[in-house]
Amino acid sequence: MIEIRNLHKSFGSLQVLKGIDLSLEKGKVLVIIGPSGSGKTTLLRCLNLLETPDAGSLKLGSTEIGFDGGRKPGKQQTLKLRQSTGMVFQSYNLFPHKTAIENVMEAQIVVQKKGKEEARKRSAALLAKVGLSGKEDVYPHQLSGGQQQRVGIARALATDPDVMLFDEPTSALDPELVGEVLKVMKQLAAEGMTMVVVTHEMKFAAEAADTVVLMDDGVILEQGPPEQVLKHPSSERAAQFLNLLT
Ligand code: ADP
């Protein structure tokens with residue numbers, strides 16, 4: 001489903017991604033961990049072209065884009081890639097003046113050109129799926145952070161993406177609200193959704209990931225099954241980050 005080859009990205013003179021290679025099969029969950037500033041979010045944002053890589057290539061589903069020689073993706077390619085991904089942000093990014101169900105309906109109407117009733121029906125089903133039946137007509141500020149993030153997940157699912165991208169989805173939440181969001185994510189994973197998740201939740205990584213990638217300073221330091229990466233990393237730097245050294 002995803003293949004990334006030798007991906008590079010700089011912001012000015014700051015090299016943030018220094019040659020990233022990874023691949024992910026359909027239905028699998030990839031969890032990206034690593035110290036703050038290591039390039040995790042930038043990598044995730046490159047996957048749906050919220051950031052344009054400087055070099056390397058990216059394949060997502062049937063869309064393949066090369067960036068070598070400063071090549072930029074075309075409008076159609078960008079649109080296609082965006083439509084095959086659903087993104088969940090740390091800060092939810094819901095429309096404050098739209099109700100929960102209107103937030104979920106929006107892209108179906110604007111992007112997919114669905115009729116209002118069809119979009120409403122699908123959105124109600126998605127809100128039920130994330131445990132928010134009965135909250136259709138409330139506004140984001142009337143919901144807890146955990147509930148808002150679950151609306152964010154329903155919204156990202158609404159356009160039937162091939163891959164769901166999560167950017168630290170629980171980092172802004174009070175600790176007691178983290179569990180309800182992770183539960184929805186685990187349920188999605190169990191249903192076979194292909195997912196890339198940037199997170200600091202090591203328990204989630206251990207339980208839900210098929211592959212864990214540990215990034216440091218723009219490169220992949222470790223990559224493998226959670227048991228291997230989290231418990232038996234091969235480098236001292238990784239062990240340090242994971243607090244495995246005494
Ligand atoms: P992480 O998600 O691992 O914390 P990020 O990908 O957010 O890391 O950031 C990696 C580095 O790139 C940081 O030093 C950050 O300040 C820098 N960075 C990220 N986005 C931008 C941007 N749009 N412009 C300039 N620098 C950026």
Side-chain angles (χ1 to χ4, degrees), residues 1-90 107 111 156-157 159-169 188-189 192-199 205 209-226 228-229 234-235 237-238:
M1 182 62 79
I2 300 178
E3 266 200 61
I4 297 172
R5 292 280 162 260
N6 199 26
L7 210 69
H8 285 75
K9 174 70 183 174
S10 297
F11 294 109
S13 60
L14 182 69
Q15 257 193 301
V16 176
L17 300 179
K18 304 174 181 174
I20 300 289
D21 292 288
L22 42 91
S23 55
L24 185 66
E25 284 172 35
K26 189 173 158 61
K28 301 287 185 191
V29 177
L30 178 80
V31 171
I32 306 175
I33 59 172
S36 187
S38 57
K40 306 180 298 294
T41 291
T42 303
L43 174 58
L44 197 73
R45 289 169 65 85
C46 282
L47 279 175
N48 67 357
L49 298 177
L50 283 177
E51 302 292 352
T52 309
D54 302 323
S57 68
L58 170 63
K59 186 167 170 244
L60 203 149
S62 58
T63 313
E64 197 169 358
I65 308 177
F67 305 96
D68 287 341
R71 250 191 303 162
K72 299 262 183 282
K75 237 186 181 161
Q76 285 306 319
Q77 267 182 323
T78 304
L79 206 64
K80 198 164 162 232
L81 199 86
R82 292 255 168 88
Q83 285 184 6
S84 50
T85 59
M87 181 104 166
V88 177
F89 299 90
Q90 181 179 348
V111 181
L157 287 169
T159 48
D160 301 309
D162 298 320
V163 179
M164 285 282 282
L165 308 174
F166 294 85
D167 187 9
E168 300 196 20
L188 277 181
M193 175 58 77
T194 311
M195 296 169 40
V196 182
V197 183
V198 172
T199 188
D210 294 291
T211 302
V212 175
V213 159
L214 170 53
M215 286 185 68
D216 186 34
D217 197 20
V219 298
I220 292 178
L221 209 56
E222 304 271 342
Q223 173 168 199
Q228 178 197 316
V229 173
S234 55
S235 68
R237 175 81 184 116

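Predicted model, so just to flag it, every value in this text is computed and none were measured.
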* Without swapping roles, check the side chain of Arg82 against the backbone of Asn48 for a donor-acceptor pair under 3.5 Å. => yes
* To do: Could you grab the distance from atom CD1 of Ile4 to atom OG of Ser57, nearest 0.5 Å is fine?
  => 9.0 Å
* Asked: Which atom names give the shortest non-hydrogen contact between Leu17 and Leu43, and what distance separates them?
  -> CD1-CA, 3.8 Å
* Asked: If you round to the nearest 0.5 Å, how far is CD of Gln83 from CG of Leu81?
  -> 10.0 Å
* To do: Show the numbers, then the answer: is there a side chain to side chain contact (heavy atoms under 4.5 Å, CB included) between Ile220 and Ile20?
  => CA-CA 7 Å; Ile220 292 178; Ile20 300 289; 3.8 Å; yes
* Does Lys40 reach the main-chain N or O of Leu214 with its side chain, forming a donor-acceptor pair under 3.5 Å? -> no
* Asked: Looking at Ser38 and Asp217, what are the two nearest heavy atoms and their distance?
  -> CB-N, 3.6 Å
* Can you measure from CD (Glu51) to OG1 (Thr41) and round to the nearest 0.5 angstrom? => 10.0 Å
* Side chain to side chain, Leu157 and Met164, heavy atoms closer than 4.5 Å -> yes
* What distance separates Glu25 CD from Ile2 CD1, expressed to the nearest 0.5 Å? -> 11.5 Å
* CD (Gln228) with more than 12 external heavy atoms under 6.0 Å -> yes
* **Minimum heavy-atom distance Phe166-Leu44, with the two atoms named** => O-CD2, 3.4 Å
* Asked: So do the side chains of Arg45 and Met87 get within less than 4.5 Å of each other, counting heavy atoms only?
  -> yes
* Interatomic distance, Asp54 atom CG to Gln15 atom CD [nearest 0.5 angstrom] -> 9.0 Å
* Asked: Lys18 and Val219: which non-hydrogen atoms are nearest, and at how many Å?
  -> CB-CG1, 4.0 Å
* Checking Gln77 side chain against Glu64 main chain: does a donor-acceptor pair fall under 3.5 Å? -> yes
* **Heavy-atom donor-acceptor pair, Asp210 side chain to Val29 backbone, under 3.5 Å** => yes
* To do: Nearest 0.5 Å please: distance from the NZ atom of Lys28 over to the OG1 atom of Thr211.
  => 8.0 Å
* Asked: Between His8 and Phe67, does a side chain to side chain contact (heavy atoms under 4.5 Å, CB included) hold up when you go through it step by step?
  -> CA-CA 9 Å; His8 285 75; Phe67 305 96; over 6 Å; no
* Check whether any side-chain heavy atom of Leu58 lies under 4.5 Å from a side-chain heavy atom of Leu47, and answer yes or no. => yes
* Asked: Is any side-chain heavy atom of Lys80 closer than 4.5 Å to a side-chain heavy atom of Pro73?
  -> no
* **Leu49 and Ile65: CA distance, side-chain angles, deciding distance, side chain to side chain contact (heavy atoms under 4.5 Å, CB included) verdict** => CA-CA 10 Å; Leu49 298 177; Ile65 308 177; 3.8 Å; yes
* Asked: Does the side chain of Ser234 pick up a donor-acceptor pair with the side chain of Glu222 at under 3.5 Å?
  -> yes
* Checking side chain to side chain contact (heavy atoms under 4.5 Å, CB included) for the pair Ile32/Val196: CA distance, chi angles, key distance, verdict? -> CA-CA 7 Å; Ile32 306 175; Val196 182; 3.8 Å; yes
* Structure fact -> Closest heavy-atom pair, Lys72 versus Thr52, reported as atoms and distance to 0.1 Å, is CD-CG2, 4.1 Å
* Asn6 and Gly19: which non-hydrogen atoms are nearest, and at how many Å? -> OD1-CA, 3.5 Å
